[in-house]
Protein chains: 2
Amino acid sequence: MKNKKNTPTTAELEILNVLWEDEPRSVKEIHKELSKVKNVGYTTTLKIMQNMTAKGMLDRKPEGKCHLYFTNIPKTDTQQNLINRLVDSAFGGSASSLVMQLLGNKKTSEKELNEIKRIIEEIEKNQ
Amino acid sequence: MKNKKNTPTTAELEILNVLWEDEPRSVKEIHKELSKVKNVGYTTTLKIMQNMTAKGMLDRKPEGKCHLYFTNIPKTDTQQNLINRLVDSAFGGSASSLVMQLLGNKKTSEKELNEIKRIIEEIEKNQ
DNA sequence: TTTTTATTACGAAAATTGTCGTATATATTT
DNA sequence: AAATATATACGACAATTTTCGTAATAAAAA
């Protein structure tokens, strides 16, 4: 199986997000969460989680009569990978170009902007 | 045809990037560029560009015996759309969270960091 | 006007992802 | 033990994307 640990598909990312919030969890619980925002069959969720396990994205341990699944990659690793891919594929490798685009967007709220400024200051302090 | 103008696939984005650099251009020229970094048949490039035209992503005009293609969506619109999707799908809708991840990454060079700081200052001035 | 060359159109297959129905297995209840 | 319920395994189909071979068209050369 190819190593695609860090590049989840859309459906896989949805599952990872639920797990990162609280893990380990059973397929049943994951599916219950997904059902709140999405119409999808139980076996679909199960199948995707099995695929993810085969890819090494998830792992699982038996617990009573069912399995508890947990992620095998840190959230930040995946996030970093997704950002890097976006920077490379759509911003010519320039991270600053991405940030510029992000900040120029009206949808980035005042609150978000202030938060970002705070982060920059934080970084400068530690330099 | 569904409106997927702003959400190009990987192969489509590669073509868009070449066009945004200099347009309009013929399939032949686009394919020549792609061939520098990718093994792909001429008719593959052609087909994808035809698909993109059908989706409204590209347009074309006859020029002599061939066609010159040009993009039908601004680069920034597509970039913004891709960022928004990433923010929503992997950062819980928080743009600042994405920036934090980006800045915390060692791969973001000193030069990039300074550039980003400059952008922030620029934004603050205009506030 | 044939022949050659260059460009486009089209169809179809491969790869990937997402979907779920059905079967199997295991436990719980009656 | 038989019936019921719960969880997993598996196969198959649908949708999308990527791939390219081949045919058709049009232009240029011989």
Side-chain angles (χ1 to χ4, degrees), chain A residues 1-19 24-35 37-70 78 82 85 89-90, chain B residues 1-19 24-35 37-70 78 82 85 89-90:
Chain A
M1 174 70 61
K2 275 182 194 169
N3 185 17
K4 288 196 179 177
K5 263 195 194 179
N6 294 316
T7 56
T9 64
T10 309
E12 287 170 349
L13 189 53
E14 286 171 348
I15 289 170
L16 284 174
N17 279 323
V18 175
L19 274 175
R25 292 207 246 178
S26 67
V27 177
K28 188 178 179 181
E29 290 170 307
I30 301 299
H31 181 248
K32 190 177 162 193
E33 284 299 311
L34 291 185
S35 295
V37 291
K38 193 187 180 186
N39 254 20
V40 67
Y42 174 83
T43 51
T44 302
T45 302
L46 170 65
K47 182 69 165 191
I48 294 183
M49 290 179 70
Q50 284 170 345
N51 292 346
M52 292 169 81
T53 305
K55 288 183 188 176
M57 236 177 234
L58 299 185
D59 215 338
R60 70 183 196 181
K61 56 185 178 189
E63 175 76 19
K65 69 176 171 183
C66 71
H67 289 132
L68 292 187
Y69 286 78
F70 50 97
T78 302
L82 290 171
R85 289 166 61 86
S89 68
Chain B
M1 176 69 59
K2 275 183 194 169
N3 186 16
K4 286 197 180 176
K5 264 194 193 180
N6 294 316
T7 56
T9 63
T10 310
E12 288 171 347
L13 188 53
E14 286 170 348
I15 289 171
L16 284 173
N17 278 322
V18 175
L19 274 175
R25 291 208 247 178
S26 67
V27 177
K28 189 179 180 180
E29 289 171 308
I30 301 299
H31 181 248
K32 191 177 162 192
E33 283 300 310
L34 291 184
S35 295
V37 291
K38 191 187 181 186
N39 253 20
V40 67
Y42 175 83
T43 52
T44 302
T45 302
L46 170 65
K47 181 70 165 191
I48 293 182
M49 290 180 70
Q50 285 171 344
N51 291 346
M52 292 168 81
T53 305
K55 288 183 188 177
M57 235 177 234
L58 298 185
D59 215 338
R60 71 183 196 180
K61 56 185 178 189
E63 174 77 17
K65 69 175 174 181
C66 72
H67 289 132
L68 292 187
Y69 286 78
F70 50 96
T78 302
L82 292 170
R85 289 165 62 86
S89 68

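The structure displayed is predicted, hence computed values, not measured ones. Just so it is clear: chains get the letters A, B, ... in the order the sequence lines come, proteins before strands, and each one is counted from 1. Heavy-atom basis, side chains included; hydrogens, waters and symmetry copies ignored.
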Exercise. For A:Y42 and D:dT8, is the shortest distance between a side-chain N/O and OP1 or OP2 below 4.0 Å?
Worked result: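 The answer is yes; a side-chain N or O of A:Y42 sits under 4.0 Å from OP1 or OP2.
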Exercise. With respect to the phosphate group of D:dA9, does any side-chain polar atom (N or O) of A:Q50 fall under 4.0 Å of OP1 or OP2?
Worked result: yes
For this session: Output yes when a side-chain donor or acceptor of B:H31 lies under 3.5 Å from a complementary backbone atom of B:V40, and no otherwise.
Result: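 Pair found, side chain donor or acceptor close to backbone of B:V40.
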Exercise. Would you say the side-chain atoms of A:R25 pair up with the backbone N or O of A:V18, donor to acceptor, closer than 3.5 Å?
Worked result: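 Flag set: sc A:R25 to bb A:V18 pair under 3.5 Å.
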Exercise. If every non-hydrogen atom of B:L82 is compared with every non-hydrogen atom of B:L13, which pair is closest and at what distance?
Worked result: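 Closest approach of B:L82 to B:L13, heavy atoms only: CD1-CD2, 4.1 Å.
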Problem set entry | For the student: nearest non-hydrogen atoms of B:A11 and B:K38, plus distance |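 Nearest pair, atom of B:A11 first, then B:K38: CB-NZ, 4.4 Å.
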Take the protein atom [atom1] of [X] and the nucleotide atom [atom2] of [N], then report the distance between them rounded to whole Å.
{"X": "A:K28", "N": "D:dA5", "atom1": "NZ", "atom2": "P", "answer": "13 Å"}
{"X": "B:M49", "N": "D:dC20", "atom1": "CE", "atom2": "C1'", "answer": "17 Å"}
{"X": "B:M52", "N": "D:dT16", "atom1": "CE", "atom2": "C1'", "answer": "15 Å"}
{"X": "B:H31", "N": "C:dT8", "atom1": "NE2", "atom2": "C1'", "answer": "15 Å"}
{"X": "B:L13", "N": "D:dT17", "atom1": "CG", "atom2": "C1'", "answer": "14 Å"}
{"X": "B:L46", "N": "C:dA6", "atom1": "CG", "atom2": "C1'", "answer": "12 Å"}
{"X": "B:I15", "N": "D:dT18", "atom1": "CD1", "atom2": "P", "answer": "9 Å"}
{"X": "B:E29", "N": "C:dA6", "atom1": "CD", "atom2": "C1'", "answer": "14 Å"}

Shortest side-chain distance from [X], nucleotide among [options]:
{"X": "B:V40", "options": "C:dT7, D:dT19, D:dT8", "result": "D:dT19"}
{"X": "A:C66", "options": "C:dT8, D:dT8, C:dG18", "result": "D:dT8"}
{"X": "B:H67", "options": "C:dA9, D:dT18, D:dT8", "result": "C:dA9"}
{"X": "B:K55", "options": "D:dT17, C:dC10, D:dT19", "result": "D:dT17"}

Side chain to side chain, [X] and [Y], heavy atoms closer than 4.5 Å:
{"X": "B:L16", "Y": "B:M52", "value": "yes"}
{"X": "B:V27", "Y": "B:H67", "value": "no"}
{"X": "B:K28", "Y": "B:C66", "value": "no"}

Enumerate all atom pairs, one protein N or O and one N or O from nucleotides 11-13 of chain C, separated by less than 3.5 Å.
residue, atom, partner, partner atom, Å
C:dG11, N7, B:K47, NZ, 3.4
C:dG11, O6, B:K47, NZ, 3.3

For this session: Between B:R60 and A:T45, name the one whose nearest nucleotide on DNA chain C is closer to the 5' end.
Result: B:R60
For this session: Evaluate side chain to side chain contact (heavy atoms under 4.5 Å, CB included) for A:M49 paired with A:R60, printing each intermediate quantity in order.
Result: CA-CA 10 Å; A:M49 290 179 70; A:R60 70 183 196 181; over 6 Å; no
For this session: Under the ring-ring contact (aromatic ring centres under 6.0 Å, His included) rule, collect the residues that match up with B:F70, sequence neighbours excluded.
Result: none
Exercise. Could you walk me through whether A:Y69 and A:Q50 pass the side chain to side chain contact (heavy atoms under 4.5 Å, CB included) check?
Worked result: CA-CA 10 Å; A:Y69 286 78; A:Q50 284 170 345; 4.3 Å; yes
For this session: For A:T44, answer base if it contacts any base atom (sugar-phosphate contacts may also be present), sugar-phosphate if it contacts only those atoms, and nothing otherwise; contact means non-hydrogen atoms under 4.0 Å.
Result: base
For this session: Would you classify A:T10 as touching base, sugar-phosphate or nothing, given that sugar-phosphate means primed atoms plus P, OP1 and OP2, and contacts are heavy atoms under 4.0 Å?
Result: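 Sugar-phosphate contact only.
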For this session: Let me have a per-nucleotide readout for nucleotides 22-30 of chain C, 5' to 3', with B, S or -, counting only protein heavy atoms under 4.0 Å.
Result: B--------
